[in-house]
**Q** 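Input: one structure, supplied below.
First the proteins, then the strands, lettered A, B, ... as listed; each starts at 1.
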Number of protein chains: 2
Amino acid sequence: MPADKNNTEVTIYDIAEALDVSPSTVSRSLKNHSSISSDTQQKVKEQAKEMGYRSNIFAKNLRRKKTNTLGVIVPKLNSNFMSSVIAGMEKVANENGYNLIISQSLETAQKEASNVETMFESRVDGLIVSLAYDTEDYSHFDPIIENNIPLVFFDRVAYYKSAANIIIDNFKAGQQAVTHLLKQGCKRIVHMTSNLARNVYEDRFRGYKQALEDYDIPFDPKYLIQNDLSNQAGQQAAQQILSMDPLPDGLFVANDTCAIACMSTLQDHGIKIPEDIAVVGFNNDPISSFVNPKLTTINYHGNEMGKVVIRNLISHLNGDNNIAMTNTIILNAELIIRESSVKAS
Amino acid sequence: MPADKNNTEVTIYDIAEALDVSPSTVSRSLKNHSSISSDTQQKVKEQAKEMGYRSNIFAKNLRRKKTNTLGVIVPKLNSNFMSSVIAGMEKVANENGYNLIISQSLETAQKEASNVETMFESRVDGLIVSLAYDTEDYSHFDPIIENNIPLVFFDRVAYYKSAANIIIDNFKAGQQAVTHLLKQGCKRIVHMTSNLARNVYEDRFRGYKQALEDYDIPFDPKYLIQNDLSNQAGQQAAQQILSMDPLPDGLFVANDTCAIACMSTLQDHGIKIPEDIAVVGFNNDPISSFVNPKLTTINYHGNEMGKVVIRNLISHLNGDNNIAMTNTIILNAELIIRESSVKAS
DNA sequence: TTGAAAGCGCTAACAC
DNA sequence: GTGTTAGCGCTTTCAA
């Protein structure tokens, strides 16, 4: 029975009584308050340990009106990128005495909104979000903003009220990827991407167009394929590409797994990668270096991104820097050239 | 400044005052207590909404000595399986008014132990764990058990004190996988797996041996390859397999991504899959149907497993069934036959 | 350097 | 059907 788990609960009063001091002295000692003699502190801590004391986080939160908890909402946890981001976040958060509540929007605005509400009810001290595929209206974040809960978007961001944004330079990454393809001699480059309302996809697309422009190649809308970047979508896109005449000679996909599904389907139809079509993905998912040919891609520092997000959020909460909350931080990303895009010269 | 977020906080006392009723009436109304007239309940709820009331979860937890929070510790979040498990857990938890705190052990016993401690400090009502790669000593779970916090292991489990286990029948799955290979005519089947101290790997290995025995093929230790099932390990294992003489004709890997890395490396060296070596993986990761050839694998119902875990935990917390906490629940898994294992007959 | 005391917002036993 | 009241365990101001 889970019932009797409380009757052993030790409080600061029990410690105070045992040591014949006041509860305040115990409370202060336990947090190394400078006004308590180190002798007393020592005694209190020993007694606490001996009695198996554990601080009651709820009484503390109730009193302090601060939860030391940060909420994290991501579209989906199933990628290596997200798992790295979360690991980075957890590390910095724990080092600073914060805990994380993590939830998935599963790419729908509706679940995202309900998650935001849960986080709000849980009184997180700060909220961290990477937007769902189809979020267009941001009003579910209003209560967060109105209650002065700091809001940080990362990766899939929005320029929304006082929220901070932490991203990579998707424009530059897209431009680099496509410039690389152009340098390989590609002239007809397909770009496969997702909802252009999401900054990550829009910026990569702008980078694609810029690179074309740099090489005096006009943008042809038929080379823009938009879908949800799922594996299935990658297969279908392959069919679409196969039906193009002349056949494209380059392919820049906004996501590795989709690139791989597409590449594999193209190969099934006798297309040689990179000879016939050179391919560049995005994310540097581990699988990208285990496919045949190994996939050229953009490397994203997920772990670092997670750390930066939390560092900035916490320093804002500490009042150290408020500026971050009205600003955008851009992290590095780099092109990793592998076999899938290098044409013999 | 995050400071003034409190001065707008509305409490049940404010509502009580505005309506000229007692705080208890407000409290009761807000939770649909049957003793309050529906008329009063209605009024209270309206007033609460109008005043922008939100319940203080800490005062509630402090009073009720229950957090309605469940802790989840998994090795790593980066797989489709884990993300499905978590999604299933979240769904059932939320439906029942519970929240989840999720953390990753990143496959180390050390971080697992520190996560358990954090969960304990956070006073989760129940703890859910899938064990790290190298956890051998379980004493970090002792405080959980001692405080009568229900503990449920899933997937990677341990027969430990009062903990419940929720798993698939890994023995049967392994047996099925290998029997399938044997039916394809394979005689020299390599099994690649991980730490046999983890039930999932041990049971699959037993299934492998059982299948061989059923076909009167003696187990040859040289066909057992143990590593961490990473992509790199898959590549290395391929080298090891290539050096075997005679070449194996079947391969059963305890994990899809590793199977794929291995398969891809074998192909690089001119091995034909499935003609030369038939391959079966494990997990039914989405990528498995997008490689060439598509990978035969064992399908795991992650979402369902997550739901079952939470359902059992909650019904235990409700006192509905205690029996689950001393028992093992086995879910179905099934072999999905694809191209990588089917030899032309 | 320490103590007394009030109160964070809520729940629930007990009273009416 | 509703109200009174006493805490849950902690922090912190004020006083000594």
**Q** Determine whether the side chains of N32(B) and K45(B) contain a donor N or O and an acceptor N or O closer than 3.5 Å.
**A**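 Side-chain D/A pair, N32(B) to K45(B): present.
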**Q** Is the phosphate of dT1(C), meaning OP1 or OP2, less than 4.0 Å from a side-chain N or O of T25(A)?
**A**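 The answer is no; no side-chain N or O of T25(A) sits under 4.0 Å from OP1 or OP2.
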**Q** Checking S122(B) side chain against V124(B) main chain: does a donor-acceptor pair fall under 3.5 Å?
**A**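 Checking the backbone N and O of V124(B) against the side chain of S122(B), no donor-acceptor pair under 3.5 Å is found.
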**Q** Could you verify whether a donor N or O on one side chain and an acceptor N or O on the other, from T67(B) and N61(B), lie under 3.5 Å apart?
**A**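 No donor-acceptor contact under 3.5 Å links the two side chains.
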**Q** Between A59(B) and R28(B), who's closer to the 5' end of DNA chain C by nearest nucleotide?
**A**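 Its nearest nucleotide being more 5', the pick is A59(B).
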**Q** Under 4.0 Å from OP1 or OP2 of dT2(C): is there any side-chain N or O of S37(A) that close?
**A**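 True: S37(A) side-chain N/O within range (under 4.0 Å) of dT2(C) OP1/OP2.
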**Q** Using heavy-atom distances to pick each residue's nearest nucleotide on DNA chain D, tell me which of F58(A) and D20(B) is more 5'.
**A**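 Residue closer to the 5' terminus by nearest nucleotide: D20(B).
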**Q** Fit a plane to each ring of Y138(A) and Y160(A), take the angle between them on a 0 to 90° scale, and name the class: parallel (under 30°), tilted (30 to 60°) or perpendicular (over 60°).
**A**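 Ring orientation, 0 to 90° scale: tilted.
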**Q** Rounded to the Å, how far apart are R64(A) CZ and dA6(C) P?
**A**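 The answer, rounded to whole Å, is 23 Å.
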**Q** Tell me which of H33(B) and R63(B) sits closer to the 5' end of DNA chain D, going by the nucleotide each one is nearest to.
**A**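 The residue mapped nearer the 5' terminus is H33(B).
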**Q** Would you say S27(A) reaches dT11(D)'s phosphate, i.e. side-chain N/O to OP1/OP2 under 4.0 Å?
**A**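 Checking dT11(D) against S27(A), a side-chain N or O does come within under 4.0 Å of OP1 or OP2.
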**Q** Distance check needed: dA5(C) C1' versus I12(A) CD1, whole Å only.
**A**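 From I12(A) CD1 to dA5(C) C1': 13 Å.
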